[in-house]
Structures are given as structure tokens and as C-alpha cells.
Engineer: 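Got a structure for you, questions after.
Because only heavy atoms are used, hydrogens play no part in the values below, and waters and symmetry mates are left out as well, while side chains stay in.
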Amino acid sequence: MKKGSSMSSRRDKIRKKYKYVDSSFILFLVTVFQVITFIPVIFTDGIFYAESAMMAFSYMAFEWLYVAFMQGVAKKVNFEIELIAFFLSGIGLCLTESVARGSMLMQLITVIAGVIVYDVLLWFIKDVKRVMFIRSPLAIFTIVFFVGCFLFIRLTGNEINGAYNWVTLGPVSFQPSEFVKIAFVFVGAATLDKMLTSKNIYMFILFAMGCIGILFLMKDFGTALIFFFTFIVIAFMRSGDIRSIAFICVGAVIGAFLILYFRPHVAARFATYRHIWDDPYGTGYQQTRLLIYAVSGGLQGLGIGNGMLRYVYASTTDLVFGMLCEELGLIIAFTVVTAFAILVIYAVKCSKSAPSTFYSISAATAASLILFQTCLNIFGVTDILPLTGVTLPFISQGGSSMICCWALFAFIKAADIRAYPNLYKTT
């Protein structure tokens, strides 16, 4: 009787702590915003683009159908994290289609694929025993897959912007590092879920260093930095030993300086940092144009299709935040940044009462990874940090990145106690 009362009391506390958000109303606001932003894409210079209209309508209908299905069939009631993803993805689809007609179709397909991966992964990791069983095979498969992709890229000579990080198979291309991010969070959180042992620590360190080492061979230094930061977050959350973390960071900094010293071509990639105005028509062309055009948008923006940054290389990928500022304005840009901040707050809040340590570690790690990548993109293109060429989650064009971001959201959602009705509802 006492045990039942204790459980009921715990559920009551959870009920008071976690309030439900009116998902339908928020989705309505998101849809209104999307209609307003898609109208200039559908009607451009007095011309009606039926294909763009059909894809825009399909995306908005998919959002509503997904929420309705999950509410009616899966009996889910909280969709905060999904609505953030839909909001950000919609902006990316709009900007992508405005620059290149017809390009939204593939991006829309990857959004749908990302949602499927999100739900499948969310279902899979709800069983901690399943997670523990698959962690070691997944770690081995990930390393083999990553090495195989690297060798394939080198053999085919598929070098893009000085890096070997894209696998091209006919009309299909993808970044293997994006999928490895998912496995990295999964394996790291699962390996350190239980009490720390030397075997667990060494296994995770070897796995992490293997992934980061391959990224260095690929010359994908921005993603390598993201992986290292993720490694630090996982290690700190499980150990809490600041001295050990500081020692690892010092070692990493020394290693980075050695690489820059013995590999001058690597240092050359960062030579423009804080010197973009020294050569505004050469190495600093992209970033100087981004700063000029982004500011010209003001608070409300110039309107979709009226910006100039769209004519600069990588406007919908690496430089998409600048295009967002120019055409949609600083208010929307600030809203986007706020959405990422809300995501982190949500993850931290859920981690405190997650059903398992695995969910706490994986949620905080996934949120940290997304936030760090967002900072690298925004601060990199504005020359606050060195330009690393990483994408802006959900908004930058790219199928691999889109699927990866949705998958990382599954780790965050799994930590939400409301996803487990038996623990949350009172009897």
C-alpha cells in the first residue's frame, strides 16, 4: 500500500512538473507562417508555379496528418520537439525551392524519411535491453562502414572542396559522417550507461578516436570537431571529472597545433579567419558578402527571392543563415536561434527525470551536438569562429543532414517521461 502511494505521489509530481502544450494551436501558427513564406515562392514575378505549390501543400498536409495520426492512433499528446523540427525544416524547404526550382522535392522526401527514422529509432531505444544488446555490434559495424566509405571515396577520387566526405553512387550522394553521428551518440550513451569500468571506458575511447581519426583522414575537420565535442559531453556527463576532461582538451589542442604545423595545407584552410576583409574578392568573398547582405535585410527582411546572397556559392548550405537573415529578416533569424535554445532547455529538463541513465546521457548529448553544430555554422560564417563548412541543422539543404537531425531528436524525445504513459499517468 505504501509502495503504491509512493508511486502515485511520484506520478502526481511529474504531472505537475510537465505541462502539455496545445500542439494544434502551435501547429496552426507554424502553418500560417509557412503559408506566408511559401506564397512568394509559389507566385514569382506574376508566374504561378504549380509544382512548388503542390510540394508546399504536401509538406503542410504531412505535418497535420502526422500529428493527427500520432494523437489518434499512437495516443501521443506532446509534440513540442516535432513542431520545432517542422518549423525549421519548413524554412529550409522554402529557401531551397526559392533558389532552385524543383529542388524541394528531394528535400521533402528526406524530411519524410527523417520522420520515419525518428519514429523507428524512438521505438527501438525505448527498450534499454535492446539498446545494450546492439551497442557492441553497432560500434563495430560503424567503424567498418566508415572505413569502407573513406576507401571508396579515395578510390573514386570524389574530392569536394578539398575533403573526401561524400559518397556518390550514381544519382545518389550522401555524407557517411552524418549517419555515424547517430551511432556515435547511441554507442557512447549505451556504453557508459552502467557503472564505469576500465573496459567500458577504453571501448568508448577507441570507438571515439577511431571515428575522429577517419574524419581527419577525410579532411572533414568541422565534423571532427563536432565529434570531439560530443565525446567530451558524454565523458563529462558520466564521470563528472573536470580535471580529466581538461586534460583531454589540452591534449586535443596540442594535437591540433601539431597537425597545423606539420600539415600546412590544413592551416591554409583557416588562414582567412579574422582576415576576410583582407581579400574580399578572393578567399574572403563568401563571408564578406554574407555579412553585407545579411545586415541589409533588417528586421523584416527583403522578402523571399529578393536577396543577393542566393547568388553566392553554398547559399543554401553553409551560408544559409545569412540568406535567412537577408530575406526573412533578423526577427525570424532570432526566432530560429531561440528554437534551438528551447530545444536545449527541453532536453535538460527531460534528462533530469528520464527513466534511465541512457536516456539522460543520449538526450543531453544529442542536444549538445545540435547546439554546437548550430554555433559552428552561425559563428563560422560571421567570422566569429573559423569557417568549418558544417550545415545549419534542418535548414541547410542536404538529405543526409536532415535524416541525421531527425534521428538525434529521437534521443531527446526518448528522455521525456511523458513518452511513457505507464510511468506518467495516474491509476
Engineer: Go through Trp166 and Ile153 one step at a time and tell me if the side-chain contact (heavy atoms from CB on, under 4.5 Å) criterion holds.
Structural biologist: CA-CA 7 Å; Trp166 282 90; Ile153 295 171; 5.6 Å; no

Engineer: Would you say Phe38 and Phe57 make side-chain contact, with heavy atoms under 4.5 Å?
Structural biologist: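 They are not in contact (no side-chain heavy atoms under 4.5 Å apart), so the answer is no.
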
Engineer: Just by modelled atom types, is the Tyr311 backbone N or O under 3.5 Å from a matching donor or acceptor in the Ser315 side chain?
Structural biologist: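 Not at all, since once roles are kept as given, no pair shorter than 3.5 Å links the two residues.
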
Engineer: With distance as the sole test, does Glu326 use its side chain to make a donor-acceptor pair with the main-chain N or O of Met308 at under 3.5 Å?
Structural biologist: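 Judged by distance alone, yes, a pair lies under 3.5 Å.
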
Engineer: I want to check something: taking the side chain as every heavy atom from C-beta on, are Pro176 and Phe146 in contact at a cut-off of under 4.5 Å?
Structural biologist: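 With C-beta onward as the side chain, the pair touches.
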
Engineer: Over all heavy atoms of both residues, which pair between Lys181 and Leu408 is shortest? Give the atoms and the distance, please.
Structural biologist: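 Smallest heavy-atom distance, with atoms named: O-CD2, 4.4 Å.
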
Engineer: Could you report the tightest heavy-atom contact between Gly399 and Thr110, atom names first, then the distance?
Structural biologist: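 Taking Gly399 first and Thr110 second, the nearest heavy atoms are CA-CG2, 3.4 Å.
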
Engineer: Is Thr44 reaching over with its side chain to a backbone N or O of Pro40, donor-acceptor style, under 3.5 angstrom?
Structural biologist: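 Confirmed, Thr44 side chain pairs with Pro40 backbone.
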
Engineer: What's the verdict on side chain to side chain donor-acceptor pair (under 3.5 Å) for Asp416 and Asn78, showing C-alpha distance, side-chain angles and the deciding distance?
Structural biologist: CA-CA 10 Å; Asp416 192 338; Asn78 58 308; 2.9 Å; yes

Engineer: Side chains of Val41 and Met104, heavy atoms from C-beta outward: is any pair under 4.5 Å?
Structural biologist: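 No, their side chains stay 4.5 Å or more apart.
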
Engineer: In Å and rounded to the nearest 0.5 Å, what is the CD1 to CZ distance from Ile276 to Arg289?
Structural biologist: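 Spacing of CD1 (Ile276) from CZ (Arg289) equals 10.0 Å.
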
Engineer: Any chance you could measure Ser351, atom OG, to Ile417, atom CD1, to the nearest 0.5 Å?
Structural biologist: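 Rounded to the nearest 0.5 Å, the OG-CD1 separation comes out at 11.5 Å.
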
Engineer: Calculate, to the nearest 0.5 Å, the distance between atoms CG and OH belonging to Leu290 and Tyr285 respectively.
Structural biologist: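 Going from CG on Leu290 over to OH on Tyr285, the span is 12.0 Å.
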
Engineer: Considering all heavy atoms of both residues, which atom of Phe152 and which atom of Thr168 are nearest to each other, and what is their separation?
Structural biologist: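 Distance-wise, the nearest heavy atoms are CE2-O, 3.7 Å.
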
Engineer: Quick one: pull up CE in Met402 and CD1 in Ile112 and give me the separation to the nearest 0.5 Å.
Structural biologist: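 Interatomic distance, Met402 CE to Ile112 CD1, rounded to 0.5 Å: 11.0 Å.
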
Engineer: List the steps and the verdict of side-chain contact (heavy atoms from CB on, under 4.5 Å) for Ile84 and Tyr346.
Structural biologist: CA-CA 11 Å; Ile84 290 175; Tyr346 173 90; over 6 Å; no

Engineer: Does Asn306 use its side chain to pair, donor to acceptor, with the backbone of Leu302 at less than 3.5 Å?
Structural biologist: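 Side chain of Asn306 to backbone of Leu302, a donor-acceptor pair under 3.5 Å: yes, one is there.
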
Engineer: Strictly distance-based, threshold 3.5 Å: is any side-chain N or O of Tyr359 a donor or acceptor partner for the main-chain N or O of Ile125?
Structural biologist: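 Indeed, once roles are kept as given, a pair shorter than 3.5 Å links the two residues.
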
Engineer: Under a 4.5 Å cut-off applied to non-hydrogen side-chain atoms, are Phe409 and Ile370 in contact?
Structural biologist: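 Heavy-atom side-chain distance check passes, below 4.5 Å.
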
Engineer: I want to know whether Phe179 and Phe145 have ring centres closer than 6.0 Å.
Structural biologist: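 No: the rings miss the under 6.0 Å criterion.
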
Engineer: Say whether Glu97 and Ser52, considering side chains only, have a donor N or O and an acceptor N or O under 3.5 Å apart.
Structural biologist: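 A pair is found: one side chain offers a donor N or O, the other an acceptor, under 3.5 Å apart.
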
Engineer: Kindly compute the distance separating CD1 (Ile134) from CG (Asp127), expressed to the nearest 0.5 Å.
Structural biologist: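 That separation rounds to 12.0 Å.
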
Engineer: A side-chain contact here means heavy atoms from C-beta on lying under 4.5 Å apart; do Leu369 and Phe184 qualify?
Structural biologist: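 SC-SC contact between Leu369 and Phe184 ruled out.
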
Engineer: Given the rule in the salt bridge (charged side-chain N to carboxylate O under 4.0 Å, His left out) test, do Lys413 and Glu82 qualify, once you have shown the distances and angles that lead to the verdict?
Structural biologist: CA-CA 9 Å; Lys413 183 61 175 284; Glu82 292 91 340; 2.6 Å; yes

Engineer: Just do the side-chain contact (heavy atoms from CB on, under 4.5 Å) check on Leu215 and Ser177 with the steps written out, would you?
Structural biologist: CA-CA 8 Å; Leu215 286 169; Ser177 60; 3.7 Å; yes

Engineer: Quick one: pull up OG1 in Thr338 and CD1 in Ile332 and give me the separation to the nearest 0.5 Å.
Structural biologist: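 Result: 10.5 Å between the selected atoms.
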
Engineer: Answer yes or no: is there a donor N or O on one side and an acceptor on the other, between the side chain of Ser103 and the main chain of Ala100, under 3.5 Å?
Structural biologist: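 A pair under 3.5 Å: yes.
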
Engineer: Determine yes or no for a side-chain-to-main-chain donor-acceptor pair under 3.5 angstrom, with Gln373 supplying the side chain and Thr391 the backbone.
Structural biologist: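 Such a contact is found between Gln373 side chain and Thr391 backbone.
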
Engineer: Say whether, by atom type as modelled, one donor and one acceptor occur between the side chain of Thr96 and the main chain of Leu93 under 3.5 angstrom.
Structural biologist: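 Not a single qualifying donor-acceptor pair exists.
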
Engineer: Determine whether the side chains of Thr317 and Ser396 contain a donor N or O and an acceptor N or O closer than 3.5 Å.
Structural biologist: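 Result is no, nothing qualifies.
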
Engineer: For the pair Gln286 (side chain) and Leu319 (backbone), establish whether a donor and an acceptor sit closer than 3.5 Å, ignoring hydrogens and angles.
Structural biologist: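 Not at all, since once roles are kept as given, no pair shorter than 3.5 Å links the two residues.
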
Engineer: Which atom names give the shortest non-hydrogen contact between Ala367 and Val344, and what distance separates them?
Structural biologist: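 Minimum heavy-atom separation between Ala367 and Val344: O-CG2, 4.2 Å.
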
Engineer: Apply the test side chain to side chain donor-acceptor pair (under 3.5 Å) to residues Thr365 and Thr230: give CA-CA distance (whole Å), side-chain angles for both, the deciding distance (0.1 Å), then the verdict.
Structural biologist: CA-CA 6 Å; Thr365 303; Thr230 305; over 6 Å; no

Engineer: Any side-chain heavy atom of Phe321 within less than 4.5 Å of one from Ile395?
Structural biologist: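 With C-beta onward as the side chain, the pair stays apart.
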
Engineer: Taking Asp220's backbone N and O only, do any of them form a donor-acceptor pair with Thr223's side chain (distance below 3.5 Å, no angle check)?
Structural biologist: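 No; judged by distance alone, with no hydrogens or angles, the pair does not exist.
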
Engineer: I want to check a possible cation-pi pair here: Arg135 against Phe186, using under 6.0 Å from ring centre and within 45° of the ring axis as the test.
Structural biologist: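 No - Arg135 does not lie over the ring of Phe186 by the 6.0 Å and 45° rule.
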
Engineer: Classify the side-chain pair Ser400/Gln175 by whether it contains a donor and acceptor separated by less than 3.5 Å.
Structural biologist: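 Gln175 and Ser400 do not have a side-chain donor-acceptor pair below 3.5 Å.
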
Engineer: Let's go through Gln287 and Thr382 carefully: what are the C-alpha distance in whole Å and the side-chain angles of both, what is the deciding distance for side chain to side chain donor-acceptor pair (under 3.5 Å) to 0.1 Å, and is it a yes or a no?
Structural biologist: CA-CA 7 Å; Gln287 289 169 281; Thr382 52; over 6 Å; no

Engineer: Where is the tightest heavy-atom contact between Phe340 and Pro393, given as atom of each residue plus distance?
Structural biologist: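 It is CZ-O, 3.6 Å.
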
Engineer: For Phe86, which of Trp406, Phe394, Tyr118 qualifies under ring-ring contact (aromatic ring centres under 6.0 Å, His included)?
Structural biologist: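 Per the ring-ring contact (aromatic ring centres under 6.0 Å, His included) rule, the option paired with Phe86 is Trp406, out of Trp406, Phe394, Tyr118.
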
Engineer: Counting C-beta onward and ignoring hydrogens, is there a side-chain heavy-atom pair between Phe150 and Asn165 closer than 4.5 Å?
Structural biologist: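 A side-chain contact under 4.5 Å is absent here.
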
Engineer: Are there more than 12 heavy atoms of other residues, nucleotides or ligands under 6.0 Å from atom CZ of Phe124?
Structural biologist: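 Atom CZ in Phe124 is crowded, with more than 12 foreign heavy atoms closer than 6.0 Å.
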
Engineer: Less than 4.5 Å apart, any side-chain heavy atom of Phe372 and any of Phe228?
Structural biologist: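 Sidechains of Phe228 and Phe372: no contact.
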
Engineer: For residues Tyr49 and Ile47, report the shortest heavy-atom separation together with the two atoms involved.
Structural biologist: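 Closest approach of Tyr49 to Ile47: CD1-O, 3.5 Å.
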
Engineer: For Gln71, does the CD atom have more than 12 heavy-atom neighbours from other residues, nucleotides or ligands under 6.0 Å away?
Structural biologist: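 Correct, the count exceeds 12.
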
Engineer: Sequence neighbours excluded, which residues qualify as salt bridge (Lys or Arg N to Asp or Glu O under 4.0 Å) partners of Glu327?
Structural biologist: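 So Glu327 forms a salt bridge (Lys or Arg N to Asp or Glu O under 4.0 Å) with Arg310.
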
Engineer: Please walk me through it: do Asp119 and Met70 pass side-chain contact (heavy atoms from CB on, under 4.5 Å)?
Structural biologist: CA-CA 10 Å; Asp119 284 313; Met70 287 299 171; 3.5 Å; yes

